[in-house]
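All values reported here derive from a predicted model rather than from experimental measurement. Numbers restart at 1 for each chain; the letters A, B, ... are given by sequence-line order, proteins then strands.
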Amino acid sequence: MQPPTLWDWETGQKVVLASIERPENCAWVEEPTVSPDGERVAVLASLEAGGFTALVNGEPWENSFDKVWQPRFSPDGRFTAIVQRDGMWTVAVDGQPWEENFDYVWNTQFSARGDVVAACIQSGGEYGVCADGQPWENLFANGSQPTLTADGKSAALVVQTASLKPADLDAFQAGVFSVAVNGQAWDATFVNCWTPEFDAQGAHVAAQVRTTLYDYTIAVDGRIWSESYDCMWEPRFNPATGKVVAPVRAKGAWGLAQDGQIIWEPVFAQCWHQVISQDGRNIAAIVAPAFGEFTVAVNAKPWSIRFPEVTDLVIGRGGERVAALGNKENAEWRVLVDGRTWPGVWDMAWRPVIGPDGAHVAVKVEKNGRQSLLVDGRPYPREFDRLCDPVFSPDGAKLLIRAIDKGACVRIVADVAQA
Amino acid sequence: MGIQDRLIEDVGLRRGVSRLTPEKIETVVRSVMASEAGARLKAYSETCMRCGMCAKGCHFALSHPDDPSYTPAAKVAQTMGVLLKTGGRVDPGTFYGIAQLAYTECNLCKRCVHYCPIGIDTGFIMSMVRRICHKLGVTPQYIQDTAHSHSTTFNQMWVKDDEWIDTLQWQEDEARDEFPGLRIPLDKEGAEIYYSVIAPEPKFRTQLIYQAAAIFNAAGVDWTMPSQPGWDNSDMCMFTGDFEMMGRLKRRHFESA
Amino acid sequence: MNAAYQFVTGPLAWAAWGIFLLGSAWRLVAMYRLARKKDASAIAYMSWGYSLRSIVNWLIPFNALGWRKNPAMTIATFAFHVCLIATPVFLVAHVMLWDQAFGVRYATIPDAAADGMTMLVIAACLFFAGRRLAMPDVRAITTPKDWFALAIVLAPFLTGFLAYHQAIDYDTMIVLHVVTGEIMLAAIPFTRLSHMVFAVFTRAYMGSEFGGVRHARDW
Amino acid sequence: MKRSLPILLAVALVAALSQAALSQENIKSLAPEAFGKLTRPPARFNHDQHNEKAGLTDCVVCHHGGSDGKIDRSASTEGTPCAECHKVKPAGRSTGLMNAYHKQCIGCHKARGKGPLACGQCHKR
């Protein structure tokens, strides 16, 4: 329950839980989840006596429930799960359920610091969001694709503003979808809305919309761009300028548009997953210069390396580092950093993690069923049964390794320089 | 005999055709031809020798032995053939028949490929016809409704986000009576098998999910199912000709995996 | 007569071969460029192995499903295509002409065999024509283009046969034979006969799609 | 020597004529034995009629000499069977027997714009 600056960054290893084996009173336990600071490990457990609970560092919650699912640690280290009692669902935070109950709850979300916990709710066939136990006042005929502002004060949801009779083509194409922010839907409705996204301050929302079956564009706070496109992907706000950048398809090829103006000429067979540095100066995206050949383009310039697939693109805060993964049909994974391929081919690799100052990159990888880390391209000298994503210390000098190995949950803090 | 002799009433086709003019049809046909139709369509339309061998490969033709207008080559002639010959300038009434044929008398099974010495892909040609139909807004009502569902829920049966998870948990519960300790693991990272279904399973045939879970449980394999939309591996937009939505669905499905 | 014969075997022959070879090459290049531009997804799945697998399997009579379900057509079309190509290529009289003109000599087939093969081609053409008239499902899809293609192919064999046997008026027949043969050559890139140029690629693509994407056979 | 010249000429003439009498006067078609079994009917060719019609008086126009595939029209070879020089299966650059006939006849016909060119015009059934 503390920000990363206050975590234990003393170099060394600590055993958080000696055994993640099933305790005697449990019929089974599910897969362990480790807290962001690595100090706690939680599992959902089916009790021999009936019902479910969670064990956090081996200690059961005070409460048990009829059902428990979606175990997630909040960024501040609280353990949450969605729980059911007497047929009604809610969210339990460290074992304490919200007072409000709903017909269904899913999609737990957190603010950046973790102080706000929110989830999608369905109550009496109506849909909305509930944050810290406070449900929206207005609910909707349907709701999906929730997103939360960084401070957790606002939530947005794609909502259906009117119910549809079965197979009513006219009503659907007239547009019954919109985006609701804190229960208030935009005035405008669309044929479809997808991937709402807040700006850094949480003041504006942009979403992809389809105004007819054929015209795709971006709506910001309900107002659409003047241009429409053959197709598009998720918008992102430039953190520095507040402008909205989205991949668009025009004349049969993909590029990037910003506030309705093309900023990357549409020359790619595909372009998506754009990321923008904090200063707003560098934009990178996964692109396909030719069919079936993917790479990363930084400021519209594609890297020379090509792979059948490229995923998990990340950019450093300052934009000085760009990293992604390449693979061939979900095998032969490689780590790509700044246009170069790190040595080594892996059965699987996970989203690269760039240190806060951009100096270092760490990536979790797996080979022959054993997981390990690559730090700046060097393999970490130890392998584990399972790893969580690595975390850099706020000053970027230390690396937190959260691992499960030989039945124990361990927490290792390593010097990046020596890792 | 031909498609115009067997028109049926469909709300979707009628609605779409009522808004067409020959000029509009021509414009859209020309734009699709210019932007999307390539060498494959050209080669197919040119080299078909009209030998008629494909007739024996098509269940529509086999079930109408007395009506030669159901053979694959005849169906191409009545749809894409007409559009190519006229440059797309056909009257809306004719287009009704073209759309009806493309959607209801060829289900793109590509069985005729096994009968064509040259390797002409009638299914592909029909998809191009459907693409033009979609662009003109002339699609049968129920398939269009599934396309609408896909665009909204990423599954074809309007299964809402919560209904999906609820259904899985219900089936998990049911199955536990028979197989204590059975699980349908949701979003389990690193699982070996990602099990995806089509929307009619949660909607109408939930026992199929139960049965799959029972098999996975008995086999002791490491599997998972997604809790998020994208779990439906079907794609009716591909069948309506809405290739933009098709791409969106495919991406969602793969990224969910 | 001499002037006519010299014209059809001289400038016209050069023109016919030129149209056939350059026309086919141009059509292939144009088609490839079009495919690069608009069929990138198809090109991406092209595979040598699956292409050859499909082509070989379709070159074996009664091997593919389509052949098995259309036995008469299979016999006719295989006999037709083999004789159509082998007869003119290996005919003694034609090889003589290559030899005279360019000093090129190669294997020939006996005239009696060539005569029989020519009759096979003519018979196959009649069979194809008969199908177009008698079978409702074939008649329904037959267009003037198909009759045109059939006529173009039949003509040089019919005239060649008559010329060889010196029936009717030999002098006219031999000129007709040369001209119809040249029409056939020149027509290959631009009519239904272009399947000679493209079929190998359409078949190869189908083989690649079924082999590489569907993991299935396409025969 | 002067007296012997007419005798020699006479002898040569007799020899030539006797050979010609054996061949030329009877020639109705060209079918040298060297070909063996014939593929086509022999080309019909009446030597004297042809020459009369074509106005040919100089034998060397057809009965040429030469070597290495090069025709030498200064050396007459009348009386020598074509097959003697032109082998059915030619070696080196020399012309084969069939091409010798074909090129000789057709070439001349082409050049003069008269006479048969196509196969069946000579190889009549």
### Task
Mark yes or no: D:R125 above the aromatic ring of C:Y170, with NZ or CZ under 6.0 Å from the six-membered ring centre and no more than 45 degrees from the axis.
no

#### Entry: Proximal to chain C - members of residues 93-100 of chain D, heavy-atom separation under 4.5 Å
D:M98, D:N99

### Query
Step by step, would you call C:H165 with C:D115 a side-chain contact (heavy atoms from CB on, under 4.5 Å)?
CA-CA 9 Å; C:H165 291 283; C:D115 207 28; 2.8 Å; yes

### Task
Take the angle between the ring planes of C:W67 and C:W58 and call it parallel below 30°, perpendicular above 60°, tilted in between.
perpendicular

### Message
Below 30° counts as parallel, above 60° as perpendicular, anything between as tilted: where do the rings of D:H109 and D:H50 land?
### Response
tilted

### Task
Please work out which of the three classes, parallel, tilted or perpendicular, describes the rings of C:H94 and C:H177, given edges at 30° and 60°.
parallel

### Message
Is C:D111 close to chain D through its backbone or its side chain, or both, or neither, when contacts mean heavy atoms under 4.5 Å?
### Response
side chain

### Task
Indicate yes or no: at least one non-hydrogen side-chain atom of C:R27 is less than 4.5 angstrom from one of C:F190.
yes

### Task
Return yes when atom CZ of D:R112 has more than 12 non-hydrogen atoms of other residues, nucleotides or ligands closer than 6.0 Å, and no otherwise.
no

### Query
Are any of the side-chain nitrogens in C:D218 or C:R203 under 4.0 Å away from the carboxylate oxygens of its partner?
yes

#### Entry: Pairs of heavy atoms under 4.5 Å with chain C: top-ranked of D:H123, D:K110, D:K114, D:K103
D:K110

### Query
Side chains of C:N57 and C:S54: do they bring a donor and an acceptor to under 3.5 Å?
no

### Message
Contact between D:H86 and D:P90 at the side-chain level, heavy atoms closer than 4.5 Å - yes or no?
### Response
no

### Summary
Residues of residues 2-23 of chain C with a heavy atom under 4.5 Å from any heavy atom of chain D, in residue-number order, are C:N2, C:Y5, C:Q6

### Side-chain donor-acceptor pair present, C:T87, C:T118, cut-off under 3.5 Å
no

### Task
Heavy-atom pairs under 4.5 Å with chain D are the metric here; pick the option from C:D171, C:V92, C:I174 that has the most.
C:D171

